[in-house]
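Data block below; observations after.
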Amino acid sequence: MNTLAIVLVVVLILFTIALSIFSRRFTRTTADFYLAGRKVGSFSNASAISGDYLSAASFLGVAGAVYASGLDGVWYAAGFAGGFMVVVLFIASALRRFGEYTVADFAYGRFGSDRIRLITVLAVLLTSLFYMAPQMFGAGTTWQVLVGKGILGMDPYTSGVVVVAAIMALYVGLGGMKGTTLNQIFQFWWLFFAMFMVVAFAFGHGFSYPKALADASKEPIVDTKALTVAELTTPNPATGKTPLEAAKTVMTPEEYAKVEEFVASKKEGKIPVALPSKNKLHELRAMLFREPGHRYNAFDQFSMVLALVLGTAGLPHILNRYYTNPSGSAARRSTFWVLVFIGLFYIMAPIAGLAGLGYIKEHLANGGTIAAANVHGHLVKPDQVMPTLANLLGGQALLGVVSAGAFAAMFSTIGGLLIASASAVGHDVYEKYINPNASEAKRVLVGRIAVLVFSGLALTIGLAIPKFGLDQAYPALIAMMVTWAFSVGASAFVPMLLTGIWWKGTTERGATAGIFVGLGSSIAFIFLNILQTLGKIPKEGAIGFLGSLTFPVLFTFPLALLTIIVVSKLDGQLPKNVDEIWMRIHGTAHERHERDLGLDKVGGLLGTKSH
Amino acid sequence: MTDTTAHAAGKAPAVAHVRHGEHVDTIESVDAVFREQRKLSFTYGAIFFAVTLAIPAASVWWEDWYAKPIWGGFTANYLFVSLFYYVFLWVMAWTYSKQADKLDEKLARMAEEIAARSLGEKEA
């Protein structure tokens, strides 16, 4: 990493902390701390939601997925964006109209029991931790790639995890939702600018999208991996071929000779190799960049789309942001702008991935070198395509912009997760059960302590992931972990929210059972998949089939929905004040009254001090 | 200050309503608009899911969609997923939001008419 890039990252960090300190004077009440005083306008909130949503996985990972997997990677971007349609059509305005603080508040207010509030809190915490894991793993690997050196005697990965966790604890703890919102707005526009600059530089260098796509699809896609001697020489049970033999079919004689030499020397460590890829969707076709099937078979194509689309509506840190809008219609407008912002972002990300494929190959073919490990003209780690391309096209200045963008993406998402977790503990548990009479100052203090605790948990998770060997077991671990979090959120919350909002007949027992089944089944499927990938359970039989499901949503979402409907029908015990609840969710008297009083005005984010 | 009166809690009165200041929602008006809102949301939702799931379906079964280049290296599949799908989302979100806003206005008018009628009955 160059000096300019380090300077830009440090400036970003200092600006982030300064913004939090500045916003601290406007954070005196819990409504300020958790909801930014419910005064965030549609455009600002859309920017903040986009910052909250676009993590390092989106900034580095989508371009990387396109670079490595072609059209299957493009689908990731489209699915991430499509999820907001579910939010705008079914959830956004109703959630805001209900007018509470958190998803658990909605569950309690709608169904009226402590049991459902507490199980929702548990689901929020587990979903947040599942989503925190890829962010923290991303923090460590991004530091490895962009900085490359450790600090205070730690290795680069640990340094990244520790630095990011410490900064997040500081800025979220200080600024609360107002500070986090301001930071997320700034961070979103920074990473949007970084993505735009990379794409603009590519077009400035004569990049042609249709031609590049045609060129990329001339030869079948290859997989690039770094393997040990043992891995290279162990035959695949299905084909009987070793990876070494498979590599010979796609690598040049010069490249292959190096691999053979490595195997013969029986050296420790790994060597990058290129392997032929298989079309998983159309087995008789070669796997081309512009066609689907590199990563997902027919079943997984549908499962992935549903997981991404439904998962967005089940992310508690995104849902909580809807409470910061001044009205239900503002919540809808926010979502429209989110779709515009992240849509534009996700249109650019595949362009960057495709441009990376061409320019990196061209650079290497012309005798250039790239510090990141590469083979056969490809990067071994696809997540490195954004910084590598930036360096090639715009030199150290553009690499600096992209590096700061990657850290901005991590900060904004982890910040949102910390606020969601702190709300669940500080607001839903402490304020409601432990000390309902606590002063505002004490409530905010508990929120800040919760932020610290969850930062510690995030740190622990980030450090633990490599110790379990997950990074070795899953080639695209960040993207995989993100889909796990989406699966948990989609299965635990979305059926409860959809039925709670749209079906008056939903009962507390039905909703509680649905959350329990969705949460439990999705986590069980995920752990079965992990155990199978680590070789702890067999691939055959019923357990083997369940463990092989990459995206459990296709089963767990309908299962949770069906549970709610069946249990509610059998139970039949509606809340006594169900009509009042209904008017609260779908009525507008409250908003009209607030409009009369001028309470629907936005723009207080910077201008009003809390008293 | 907000003056909230909920007449439905714990009972089943003839007319349940919620009052905030001068503004009133009745269960009849909310239910009527809710039905239209549900129709709107679920119609848009059906279109959204049909289009979204049609893409992987076409990827599995329609070779001209996923394998035939139509412009440079673009297949119809790649072009739609990388560009037109977003335009589809933007148009849907915009038109839906506008129609939902109109339903909100309808609810407001309906609620005000009911409140005015109720006031008139009291004066009479």
Side-chain angles (χ1 to χ4, degrees), chain A residues 71 74-75 77-78 81-82 84-86 88-90 93 208-217 281 285 288-293 298 301-302 305-306 309 328-329 332-333 335-336 339-340 343-344 346-347 350 502 576-580 582-584 586-590 592-594 596-597, chain B residues 2 4 6-12 16-27 29-31 33-34 37-38 41-42 44-45 48-49 52-53 55-57 59-60 66-67 69 71-75 77-78 81-83 85-87 89-90 92-94 96-97 100-101 104 107-108 111:
Chain A
L71 182 52
V74 182
W75 240 130
F84 279 97
M85 274 310 295
V86 177
V88 72
L89 293 179
F90 298 112
S93 64
S208 160
Y209 200 2
K211 183 178 178 303
L213 190 51
D215 289 346
S217 303
L281 191 59
R285 296 183 68 83
L288 298 182
F289 188 91
R290 66 181 169 217
E291 295 183 23
Q301 294 274 339
F302 288 98
V305 172
L306 281 179
V309 165
S329 57
R332 282 195 295 264
R333 276 198 302 280
T335 319
F336 167 74
L339 276 163
V340 172
L344 290 172
Y346 283 134
I347 285 172
W502 296 102
K576 284 180 181 171
N577 59 340
V578 68
D579 283 344
E580 183 197 340
W582 212 238
M583 286 189 280
R584 207 174 143 195
H586 296 287
T588 57
H590 185 255
R592 283 177 273 142
H593 176 58
E594 287 199 339
D596 285 353
L597 298 177
Chain B
T2 305
T4 307
H7 291 273
K11 297 172 187 174
H17 71 269
V18 172
R19 175 184 291 278
H20 290 275
E22 297 297 310
H23 299 281
V24 175
D25 276 333
T26 68
I27 192 63
S29 62
V30 169
D31 265 343
V33 177
F34 163 73
Q37 178 66 56
R38 185 177 56 189
S41 285
F42 281 80
Y44 271 80
F48 166 71
F49 277 106
T52 301
L53 291 174
I55 303 168
S59 299
V60 175
Y66 68 76
W71 172 47
F74 278 103
T75 57
N77 193 357
Y78 201 107
V81 176
S82 63
L83 182 63
Y85 186 66
Y86 300 99
V87 179
L89 296 178
W90 297 337
M92 275 203 90
W94 176 257
Y96 168 78
S97 294
D101 284 349
D104 284 353
L107 171 62

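Just so we're on the same page: letters track the sequence lines, and every chain starts at 1. Values reported hereafter were calculated over all heavy atoms of this structure, with side chains retained and with hydrogens, waters and symmetry mates removed.
The part of A/L281 that comes within reach of chain B is its side chain, from C-beta onward, which places non-hydrogen atoms under 4.5 angstrom from that chain. Residue A/L306 touches chain B through its side chain alone, counting heavy-atom pairs closer than 4.5 Å. For A/F84, no part lies near chain B; criterion is any non-hydrogen pair under 4.5 Å. Both the backbone and the side chain of B/Y66 have a heavy atom closer than 4.5 Å to some heavy atom of chain A. Residue A/V305 touches chain B through its side chain alone, counting heavy-atom pairs closer than 4.5 Å. For B/Y96, the part lying under 4.5 angstrom from a heavy atom of chain A is the side chain only. The contact between B/F42 and chain A is made by backbone and side chain atoms together, counting heavy-atom distances below 4.5 Å.
By the 4.5 Å heavy-atom criterion applied to side chains, B/Y44 and A/V88 are not counted as neighbours.
Rounding to the nearest 0.5 angstrom, the gap separating the OH atom in B/Y85 from the CD1 atom in A/I347 is 12.5 Å. Interatomic distance, CG of B/N77 versus CH2 of A/W75, reported as 8.5 Å (0.5 Å rounding). Atom OH in A/Y209 sits 8.0 Å away from atom CG in B/L83 (nearest 0.5 Å). In this structure, B/T26 OG1 and A/M583 CE are separated by 7.5 Å, a value rounded to the nearest 0.5 Å. The distance from the OG atom of B/S82 to the CG atom of A/L213 is 8.0 Å, given to the nearest 0.5 Å. Distance check, rounded to the nearest 0.5 Å: CG of A/D579 to CD1 of B/I27 gives 4.0 Å.
For the salt bridge (charged side-chain N to carboxylate O under 4.0 Å, His left out) test, residues two or more places apart in sequence or in another chain that qualify with A/R332 are B/D101, B/D104. Remark: B/R38 pairs with no residue by the salt bridge (charged side-chain N to carboxylate O under 4.0 Å, His left out) rule, at least two apart or across chains.
Counting heavy-atom pairs closer than 4.5 Å to chain B, the top-ranked of the candidates A/H586, A/E291, A/R333, A/R290 is A/R290. The most heavy-atom pairs under 4.5 Å with chain A, out of B/F49, B/W94, B/W90, come from B/W90.
Checked by atom type and distance alone, the side chain of B/Y86 pairs as donor or acceptor with a backbone atom of A/A78 at under 3.5 Å.
Nearest heavy atom pair, residue B/S59 against residue A/P292, reads CB-CG, 3.8 Å. Smallest separation of non-hydrogen atoms from A/F90 and B/G45: CZ-CA, 3.8 Å.
Using bins of under 30°, 30° to 60° and over 60° for the plane-to-plane angle, the ring pair A/W582/B/F34 lands in the perpendicular bin.
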